[in-house]
Structures are given as structure tokens and as C-alpha cells.
Amino acid sequence: TPAYAAPDLTNCDREPIHIPGAIQPHGLLLALDHERRVVMGSRNTAWLLGRPVADLIGLDVRDVLGAGPAATVAKAVANGDLSAPLRARLASNEGQLGTAEVELVVHRSGSRTVVEVEPVWGPEATQAVSYRSARASVTRLTETSTTPELCQQLAHEIRQVTGFDRVMVYRFDEAWNGEVVAEDRREDLNPFLGLHYPSTDIPAQARRLYTVNWTRLIADILYEPVPLEPVLDPETGAPLDLSHSVLRSVSPIHVEYLSNMGVSASMSVSMVKQGKLWGLVACHHYSGPHRVPFDARSAAEFLGQTASQLIDDRERADNHADEIRASAMLGRLTATLAGDRRPVYDTLMSDPRLLELVDATGAALWVDGQLSTMGTVPSEHVMHRIVREIGEGDGRATASNHLAALAPELAEASDVAAGALHVGNGPDRWMLWLRPEVEQTVDWGGDPTNKALALAEGPNVRLSPRKSFEKWQQVVRGQSTPWRPWELDVVENLRHHVAGELVRRTHEHTALAE
Ligand code: BLA
């Protein structure tokens, strides 16, 4: 038994899911030492190899898998290319499958070489994968013109290649809550598109693991985990790290979650953008076990990564285009400041481009006790309060799109100032740009607070993931559209130009006086 408490809702994110000490039964696992002798194995080896794991410990992998597969493993280790699956035919005819054709998936875990053996499954409801079909899929992904379309196409391609009943693209927000942003499903299923799920559904350690290991399959959620024997590595006394295993037994809490959702088999593929988990392609099956051949899993992973890269490229290009537009506008605005004979601040506060620059509905300038405003702004008192909350006062821009979260009394001003962008130098000199609240209706896939309710019931109650996934609506108030990072840069640049213009005029003035 593992040396940690059984997982429940209070310690969800502490369950060490990378060391479950067991695998799923649709394959078997052997851990080898440097001489390629078996040191640990899963307790289901008799199924394919004809002998219980206890009889295999200490044997050369050659005597366990046969010369052909052993040579394949040796080659993989020598090449350092441990990610590709290797087709092999087991030489022994002792197992139930006789001379079964298998796939060997080899990787390193600490000082061990881990060999996972999966029988090659017969043709299922999946399309054969080839370089040509993968390339055609990629072409179709690149032909889409928006991120939502791209995600939709990705869901479609992955469903084709894996044969799941439902394939969703699940996108994380900044707080790690998620939303189903695209979906391809069997006609008769109810849609999940647009539903949101709370961050706790995919806890932090799972997200960390999914950032480095991009695919996981639960072929049959009714499976009995197969323990490793011995469960601790005899050399280190530690459990075998299964982070990169393809057969890793998954968290029982998650299995319960899936069964509450009516799912019978599940797979997910990570979408990683610039090293950060952007989302998951989540796949469900409802009609029993669903085994997906390694090739199809790899193709799905490849498509997920390609799509992530395309999304990243496009978002950067879009952001860049907006940024270029804003800096051109800033150039024209500052040229006007330099060419106008009126005091700099007067010119600035009468130029409508000041709002357009960062897509604000109001702006305010406070210099030595003088307030000037443009567009729609809250009371002077409220603006000073905002500056106290978000103003850094060191010349760097700061922003919030949810002021009410910083100071509850600011909620009253949400209709004109739910979000603010600030740049300035302490309480006596600042500028603010303001945006109103945009009310949002969020459709949750089940009441996200009912886990909190379960917790509130007390520590002795059996805790489990929520049972109901009925749509639950929440209206989100008090937030503006978020400020983009380049918008902060733009106002810092503006501040810089204004300061420069003030200095220039002072010098001219001094020069004239001399
Ligand atoms: C893992 N949770 C996951 C995974 C998904 C979700 C996709 C990845 C594993 C997989 O591929 O199945 C969540 N699945 C969803 C969501 C949808 C979906 C949101 O289809 C929406 C349509 N989960 C809980 C609670 C806990 C929890 C309360 O709800 C903890 C107490 C844990 N979820 C949990 C854990 C994992 C997980 C531990 C990791 C499973 C593993 O890889 O071992």
C-alpha cells in the first residue's frame, strides 16, 4: 500500500498520480536494470508471457520476450529514441496469445528502462494512420481561418483517427477553470459545447504531469489495476515513477468522476503552448471499453501539438497587428502634442485617440490637484480609490479588469469602471483609462460549488466528485474585458513621450528667457 492518505476532496491535488504502483490491464510492464535484467514487473505477465512476474525477476529480457523483441529494446536504448513504439512479435508461445504481435513502448524512468508491451489490436472503429493521412489532417487544420474553427477541425480530425463517441477541445482560463470550445460527437449525444468546469476537476499535479506527458488513455474505466511486483524498486526503495508510462493506472477519484459522467473509456491529449498547458483534447466513449492503437494515439498527440502551435502563431500575429496599429496611433498622437501650442495636458485630454489607443471608454488625468477627464468616468473619489488599489507609482503601467475584487466598494462603479489601466508617479500624478463591466453568463457543467458544499458537511462524510453534471448557470458581474500586455506598454510609452515633451518645452522656455 502506498504511503499516502487515500485521496479525497481535501487532498485532491496531493495525490501522487505519477507513482500509483500499478498499471491498466490492457498491456504489461517490465522495468529493467542496466544489464537489461527484469527488476520489477506487472502482475499480469502470464497473460502474454506464460509465466508469473515472480518467475521473471532477475532474468535477461531476452529470455523473457525472445531475441527479436529484446534486440528491438536494445536498439531503442542505444539510439536514445525511446519515444517511438516498436512493433515486435513475441517469440515465446507460452502466453495465451501465443506468438502475439505486440507493440513495445520503451522509456527511461530514473535508472530503469521501462518496457511496456501492448498487444496489437485488431481493426476497430478507427481509421488507419499514415504519414499521408496525418499530412492531410494538418493541411485541413491550417486551412481554417479562426481559432474556434481550428479547434472544431481538430476535434473532428481526432475523432476520425481515434473513433471516440465524443471529442472535445477543452481550453483553460487564467484561473485554470476550463470551457469546452469545440466538440465533435455522435449525433445522438447531448452537446457539451460551451460548458465550463472548475479548476478542481483537473488538479494541479495532473496539469503538471500533462505538460510533460501529452497523452493518456483509460481504455476501460471498469478495469482492475494490476500492481507492480515488487511495488518498490529493490535498489532505491522508491516506487517506480510512471510519469511517462502509457499504461499508468489513473487516479480512482478521476475514475469515479468519469463514471458519474457516464463515460466508459477516456483519453486526453495535451495542448501545450510555449511550455504551458493551454488545454486538453478530451475524448469520451460511452459504449464500453475503447482501445486505441498506439499509432492513432500518436497521431492524435501530433495533431494536438500542431494545432497548439498554429494557435500560438495566430494569436501572436493578431496581437502583433493590434500592437502595430496602436503604436502607429501613438506616433500620430505624440506628433500632435509636439505641434500644438496649447499646454501639453490640454492637447492630450482633448484628443479622442487617447481612448481609442487602448480601447477605453473613459480616461482621467490628475496632476497636482487638477483633474481632467474624457469620456465616461466615475467620481473623483472612486478614481483616487482605484489609484490606491492598483497604482504602483513607479512609472510602470498596472491594470485590473476586476476592480471590485480588490475593493468591494468599487463594485458600485462597475457600470463605468469595472476595469482600469493606470500609469503614474505616486498619488499626485497619474492617468487612468477605464472600461465598463461586461456581464457574462457562464454555463457550468454541473454546479461547481457543490464540492465546496460537500466539504462544508464535515470531514467524516465520504467525499466524491459531484454526481450531477446538469447545466448550471452563473452570471458573472463586475468585470471588464481584460487589458492586453501590449496595452500596458502603449500607455508607458505615452507617459514617456508626454514627460519628454514637457521637458522639451521647459528647455525652450528657459532658452527664450535667457
Ligand atoms: C484528470 N480530469 C482529469 C482529466 C480530465 C478531467 C480530462 C484527464 C484524464 C482523462 O483523460 O480522462 C476533467 N474531463 C474533465 C472535464 C471534462 C472531461 C472537466 O471530459 C469536461 C467535459 N477530479 C475532480 C475532483 C478531483 C479530481 C474533485 O473532479 C480530486 C478530488 C481529480 N482529475 C482528478 C485527477 C486527475 C484528473 C487526480 C488525474 C487522473 C490521472 O491522470 O491519473
Side-chain angles (χ1 to χ4, degrees), residues 4-20 22-24 155 162 164-172 176-183 185 189-219 221 225 242-271 277 279-286 290 292 297 300-301 304 443-455 462-469 471:
Y4 50 87
D8 62 30
L9 289 180
T10 60
N11 62 11
C12 245
D13 54 355
R14 287 196 296 272
E15 183 189 356
I17 61 172
H18 64 298
I19 46 168
I23 61 165
Q24 299 179 49
T162 59
F164 276 97
D165 289 336
R166 182 199 301 276
V167 175
M168 297 164 277
V169 176
Y170 184 75
R171 180 183 186 163
F172 292 112
W176 297 108
N177 301 313
E179 179 186 357
V180 178
V181 296
E183 178 179 47
R185 62 176 202 279
L189 297 173
N190 61 324
F192 287 176
L193 186 65
L195 293 183
H196 292 244
Y197 297 83
S199 61
T200 41
D201 285 16
I202 310 175
Q205 86 282 27
R207 296 192 306 260
R208 265 196 309 276
L209 179 56
Y210 302 169
T211 312
V212 295
N213 178 342
W214 293 345
T215 310
R216 62 222 60 84
L217 171 70
I218 309 169
I221 76 151
L242 295 180
S243 292
H244 292 278
S245 152
V246 296
L247 295 170
R248 179 177 62 84
S249 186
V250 299
S251 162
I253 292 260
H254 181 54
V255 169
E256 184 178 343
Y257 176 94
L258 289 174
S259 93
N260 288 343
M261 250 190 175
V263 171
S264 58
S266 153
M267 183 174 118
S268 60
V269 171
S270 307
M271 296 181 71
L277 198 63
L280 294 174
V281 182
C283 311
H284 289 174
H285 217 61
Y286 300 100
H290 190 62
V292 183
R297 271 137 59 193
E301 182 179 298
D443 293 331
W444 293 93
D447 179 351
T449 58
N450 91 11
K451 272 181 245 182
L453 291 178
L455 280 178
R462 163 81 182 98
L463 299 168
S464 71
R466 63 179 176 280
K467 295 266 190 295
S468 166
F469 288 91
K471 184 156 124 181

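Start at 1 and go down the list; that is how both ligands and their atoms are numbered. Keep in mind the model is a prediction, meaning the values are calculated, not measured.
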Between [X] and ligand 1, does any nitrogen or oxygen pair lie at a separation below 3.5 Å?
{"X": "R248", "answer": "yes"}
{"X": "R216", "answer": "no"}
{"X": "S249", "answer": "no"}
{"X": "Y210", "answer": "yes"}

Practice task
Could you see which bit of D201 sits under 4.0 Å from ligand 1, with heavy atoms only: side chain, backbone, both or neither?
Solution key: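 Contact part for D201 vs ligand 1: both backbone and side chain.
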Practice task
Using a 4.0 Å heavy-atom threshold (strictly under), name the region of T200 that reaches ligand 1: side chain, backbone, both or neither.
Solution key: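 Backbone only; the side chain of T200 stays clear of ligand 1.
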Inter-residue atom distance [X].[atom1] - [Y].[atom2], 0.5 Å rounding:
{"X": "Q205", "Y": "H18", "atom1": "CD", "atom2": "NE2", "value": "9.5 Å"}
{"X": "S264", "Y": "D165", "atom1": "OG", "atom2": "CG", "value": "7.0 Å"}
{"X": "L280", "Y": "T215", "atom1": "CG", "atom2": "OG1", "value": "10.5 Å"}

Could you tell me whether the side chain of [Y] reaches within less than 4.5 Å of the side chain of [X], counting heavy atoms only?
{"X": "V167", "Y": "V281", "result": "yes"}
{"X": "L209", "Y": "R248", "result": "yes"}
{"X": "S270", "Y": "L277", "result": "yes"}

Exercise for the section: Mind telling me whether Y197 and Y170 have parallel, tilted or perpendicular rings, with 30° and 60° as the class edges? Expected result: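 Plane angle between 30° and 60°, so tilted.
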For ligand 1, which atoms, with element, lie under 4.0 Å from some heavy atom of [X]?
{"X": "M168", "result": "20 (O), 22 (C)"}
{"X": "M261", "result": "17 (C), 21 (C), 22 (C)"}
{"X": "H284", "result": "18 (C), 20 (O)"}
{"X": "V250", "result": "41 (C), 43 (O)"}
{"X": "Y170", "result": "19 (C)"}

For [atom], the option (of [options]) bearing the nearest heavy atom:
{"atom": "atom 15 (C) of ligand 1", "options": "Y257, F192, Y197", "value": "Y257"}
{"atom": "atom 11 (O) of ligand 1", "options": "S268, P252, G446, S251", "value": "S268"}
{"atom": "atom 34 (C) of ligand 1", "options": "P20, S266, A206, P203", "value": "P203"}

Practice task
Mind listing the closest non-hydrogen atom pair of P20 and S249 along with its distance?
Solution key: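 P20 and S249 have their closest heavy atoms at CG-O, 3.4 Å.
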Problem - Exercise: do R216 and S266 side chains pair donor with acceptor under 3.5 Å - result: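 No, S266 and R216 have no side-chain donor paired with an acceptor closer than 3.5 Å.
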